[in-house]
Amino acid sequence: MKKFTLMAFILCMYSTSQAAPNIWQDNFAQGFSLYSLQNSKNQKLTISCNNGGVLNVDHSVELSTGSKAYASFNKQSSFSFIIDGKPLDVPTETRSRLNGNDWNKLIAHLGKAKKIDVFINNKKMASFISTKANKAFAKELVESCASL
């Protein structure tokens, strides 16, 4: 099931590969709200929020860089961020109270972020500058992507 979700996710990512850099884009596909941010190096950060698409699939974060893609639900990749100077980890699930609180905090910070550094397995993989960090976007992200 995760492979199916990953494939659908990747297809959605490539459909918006020509997006303007540094501006959050939003999309909706098969019960998932997708929020993506692309930098000038064609690296893309995507937040996938389950809005009722599949019962057993949690929210996730994905980074595509070159021909590689990393997903937060993959146990081999630990995601973390430095958002406007504040370090935040990405939980692998959002159903437990502790991880749900961490996810909600992460989403709240992403919605307002100006500078986002993405780390995978403690290695800096990408940096993003957001030029569309406004209140309406932050509210939409928080409301559609609250922990499960």
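Atom NZ of residue K44 and atom CD of residue Q25 lie 8.0 Å apart, to the nearest 0.5 angstrom. Between the CG atom in L34 and the OG atom in S48 there is a gap of 5.0 Å [rounded to 0.5 Å]. Atom CD1 of residue I47 and atom CG of residue D26 lie 13.0 Å apart, to the nearest 0.5 angstrom. To the nearest 0.5 Å, the span separating CD1 on I120 from OG on S77 amounts to 6.0 Å. The structure places CG of L141 at 11.0 Å from NZ of K112, a figure rounded to the nearest 0.5 Å. A distance of 11.0 Å separates CG in L45 from CD in Q38, rounded to the nearest 0.5 Å.
The heavy-atom pair separating I83 from A113 by the smallest distance is CG2-CB, 3.4 Å. Contact record, S40 with P21: N-CB, 4.0 Å, taken as the closest heavy-atom pair. Heavy-atom minimum distance, W24 versus I116: CZ2-CD1, 4.0 Å. Taking all atoms of both residues into account, the shortest heavy-atom contact from H59 to W103 is CB-CZ2, 3.3 Å. Smallest separation of non-hydrogen atoms from T92 and S72: CG2-O, 3.9 Å.
Under the 3.5 Å distance criterion, the side-chain polar atoms of Q43 are matched with a main-chain donor or acceptor of M125. Judged by distance alone, the side chain of T94 and the main-chain N or O of L148 form a donor-acceptor pair under 3.5 Å. Judged by distance alone, the side chain of S36 and the main-chain N or O of T46 form no donor-acceptor pair under 3.5 Å. Of the possible polar contacts, one joining the N39 side chain to the N42 backbone as a donor-acceptor pair under 3.5 Å is found. Listed for the E140 side chain is no donor-acceptor partner under 3.5 Å among the backbone atoms of E143.
There is a side-chain donor-acceptor pair under 3.5 Å between S144 and Y35.
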Test side chain to side chain contact (heavy atoms under 4.5 Å, CB included) on N50 and D58 and set out the steps. CA-CA 6 Å; N50 184 352; D58 212 331; over 6 Å; no

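Counting heavy atoms from C-beta outward, V118 and F79 have side chains that approach closer than 4.5 Å. A heavy-atom distance below 4.5 Å is found between the side chains of T65 and Y70. Between I82 and F119, some side-chain heavy-atom pair lies under the 4.5 Å cut-off. Counting only heavy atoms from C-beta outward, the side chains of D102 and D89 never approach each other to under 4.5 Å. A heavy-atom distance below 4.5 Å is found between the side chains of L106 and L88. Proximity of I23 to L37: side-chain heavy atoms (C-beta onward) are nowhere separated by under 4.5 Å. At least one side-chain heavy atom of V90 sits under 4.5 Å from a side-chain heavy atom of F81. Two residues are said to be in side-chain contact when any heavy atoms from C-beta on lie closer than 4.5 Å; F32 and C49 fail this criterion.
Applying the salt bridge (Lys or Arg N to Asp or Glu O under 4.0 Å) definition to pairs two or more places apart or across chains, those involving residues 115-131 are K115-D117, D117-K124.
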